[in-house]
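Read through the structure below, which is laid out as structure tokens, and then see the notes.
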There are 2 protein chains.
Amino acid sequence: MIPALDTLFSGNLLLDALRGKDRVLLMPLLELRECRRGEVLFEPGEDVSFISFPSGPSVAALVITTQHGRTVEVATVGHEGAIGGVVSQGSLPAFSRAVVQIAGPMLRLETQRLQEAKAASPVLRNLFTRYSDCLLAQILQSVACNALHPIEERCARWILGLQDRLGSDMLPITHELLADLLGVQRSYLTRTLKSLQQQQLVQVRRGRIIVCNRPALEEKACECHGAVKRHFETVLGAVYGASGTLIALRPAASQAV
Amino acid sequence: MIPALDTLFSGNLLLDALRGKDRVLLMPLLELRECRRGEVLFEPGEDVSFISFPSGPSVAALVITTQHGRTVEVATVGHEGAIGGVVSQGSLPAFSRAVVQIAGPMLRLETQRLQEAKAASPVLRNLFTRYSDCLLAQILQSVACNALHPIEERCARWILGLQDRLGSDMLPITHELLADLLGVQRSYLTRTLKSLQQQQLVQVRRGRIIVCNRPALEEKACECHGAVKRHFETVLGAVYGASGTLIALRPAASQAV
DNA sequence: CGCTGTCTGTGCAATAGTGCACAATTGCTC
DNA sequence: GAGCAATTGTGCACTATTGCACAGACAGCG
């Protein structure tokens, strides 16, 4: 049905970690969709009927909008994971909105099918349990990050995260959008980016941010990026290691929920 | 072995929701422990070998400590839930620290035993899936809350949450501790509480905060308290309804992950 | 080329929160 | 009922961030 799925790599690390019959079980159930920026995968209150696996450079996010219309990103998911009922186990109403941040291909799987496949395969159960643990870790770290860290550090963290997912130095994003995701004023974010640029860490262009000096940017960013990455490595390192390698681990004491 | 467990109510709403053979399955596996404030249930990096069910007025929290020694609470759990591997499904290293905030009895269950019981009972699986979805909702909302809402509102939210769990107007907590949980300076929190007191919402006493005007406090608090409560009601309302009632729902559009 | 809409840069006043020092108060213990 | 340790109150200077207004720059399009 979908030709791309018979080739070896789907472009999603979770799926590409599958082998043998687990692969056979899941792959035929996937539907490939090209998603535009801003496309809503599900709204708060909806029953989430499908899971999306960002493939290649596409990125989706969970966002929360307040009564006053301000928004923040509460989780980001790229080709390292999946979004929609992964943590909340499907069949329950979504609490947040899911939006496509970086356009691109997404592999879509009905929640119901995933549940069945998990019921049939311990490997799948294990894989998704591990991923949702990592996603949770990311979210927990964000609670702390938003409470404690100044915008400049959080901005640097966010840029690192997106770069990891895109695998490119050029990040296609506007100040406006990034400000929304961080939950700050656009005009202040512009100043913050200016500051990062003056420190030679990034270059700011219309509609994109270019990473110039990744190591220095890691230095500038809060510890959150590294802490989450380490948890991914601990919990999913072996899995990802088998296919692509998302994670370049810096040796450090493991941090763990 | 533990006499209290044969009586009808454990003081934990999740456990008290159980009936018949599910109850019989789980109850004998519980160990009652009296926990002191500050007691650490598990540390980051540890394999979480047991789940704790706060009973009655006891409250535990997940907290994250940064490199610079600042801490924040990332989740709170009282008698409405359980802590430790509930979301992260056990057998994976904890990402955050779990600490007892309000001393009291906790029912403890080995993670392994819970997994076995869940394997044997669809009702248990359903119950814990629902609870972890709610806990996740709470955490997601906190990401947004910490990014967007000023301390006064967050402080009011936190007080409401603790009052719900304790079921009392008198909250035994110091400014120091609360400031840590909110991730702000103690001296600033003192001023914030002063302000709430001047608005007749609370009374501040040494080592405790007394709620004077709950409705007005709900008005002052950010929407986060209500949003999370509504999700609990949607997802677990029927369950809790069967035993105690944690949740006094205000009619409103449901918000949902 | 020139227009137009989007995106970015910047000025300025105001509020929120930090960081620290130290005084005042309270509850408890002996 | 004095003393001690923990807790709370407050002053002050400083930084972070908001909120808003508006000018300037860029990219694509006809």
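Chain identifiers are assigned alphabetically (A, B, ...) following the order of the sequence lines, protein sequences preceding nucleic acid strands; residue numbering begins at 1 within each chain.
Distance from the side chain of A:Gln185 is smallest to D:dC20 among C:dG9, C:dT25, D:dC20. Closest to the side chain of B:Arg191, from the set C:dG9, D:dC12, C:dG5, is D:dC12. Side chain of B:Pro150, nearest nucleotide from D:dA27, D:dC12, C:dG17: C:dG17.
Atom-to-atom, CD of B:Glu153 to C1' of D:dT18 comes out at 14 Å; the value is rounded to the nearest Å. Distance CG (A:Leu193) to C1' (D:dT17): 15 Å, rounded to an integer number of Å. One interatomic measurement links the two molecules: CD1 of B:Ile151 to P of D:dT17, which rounds to 12 Å at whole-angstrom precision. Going from atom CG of A:Leu182 over to atom P of D:dT18 covers 10 Å, rounded to whole Å. We find that CG of A:Asp180 is positioned 13 Å from P of D:dG19, with the value rounded to whole Å. If you measure from atom CD of B:Gln203 to atom C1' of C:dT26, you get 16 Å, rounded to the nearest angstrom. Whole-Å rounding puts the A:Leu189 CG to D:dT17 P distance at 11 Å. Going from atom CZ of B:Arg206 over to atom P of D:dG9 covers 10 Å, rounded to whole Å.
Close to D:dT18, at under 4.0 Å from its OP1 or OP2, lies a side-chain N or O of A:Arg70. A close approach under 4.0 Å does not occur between any side-chain nitrogen or oxygen of A:His149 and OP1 or OP2 of D:dA16. Contact annotation: B:His175 reaches the phosphate of D:dG9 (side-chain N/O to OP1 or OP2, under 4.0 Å). A sub-4.0 Å separation between OP1 or OP2 of C:dG17 and a side-chain N or O of B:Tyr188 is present. Here A:Lys194 reaches the OP1 or OP2 of C:dT10: one of its side-chain N or O atoms lies under 4.0 Å away.
Counting only N and O atoms by type, the side chains of B:Thr65 and B:Arg97 include a donor and acceptor under 3.5 Å apart.
Checking side-chain atoms of B:Thr192 against main-chain N and O of B:Tyr188 turns up a donor-acceptor pair under 3.5 Å. A donor-acceptor pair under 3.5 Å is formed between the side chain of B:Arg37 and the backbone N or O of B:Gln101.
Map A:Thr192 and B:Ile173 each onto its nearest nucleotide of DNA chain D; the residue landing nearer the 5' end is B:Ile173. Residues A:Arg208 and A:Arg154 both approach DNA chain D. Their nearest nucleotides, taken by heavy-atom distance, put A:Arg154 toward the 5′ side.
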- Step by step, would you call B:Ile209 with B:Leu193 a side chain to side chain contact (heavy atoms under 4.5 Å, CB included)? CA-CA 9 Å; B:Ile209 296 166; B:Leu193 285 169; 4.0 Å; yes

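Not a single donor-acceptor contact under 3.5 angstrom links the side-chain atoms of A:Thr190 to the base of C:dC7. One cannot find a donor-acceptor pair under 3.5 Å joining the base of D:dG19 and the side-chain atoms of A:Arg186.
Ion pairing between a basic and an acidic side chain is recognised when a charged N comes within 4.0 Å of a carboxylate O; B:Asp169 and B:Arg208 show no such pairing.
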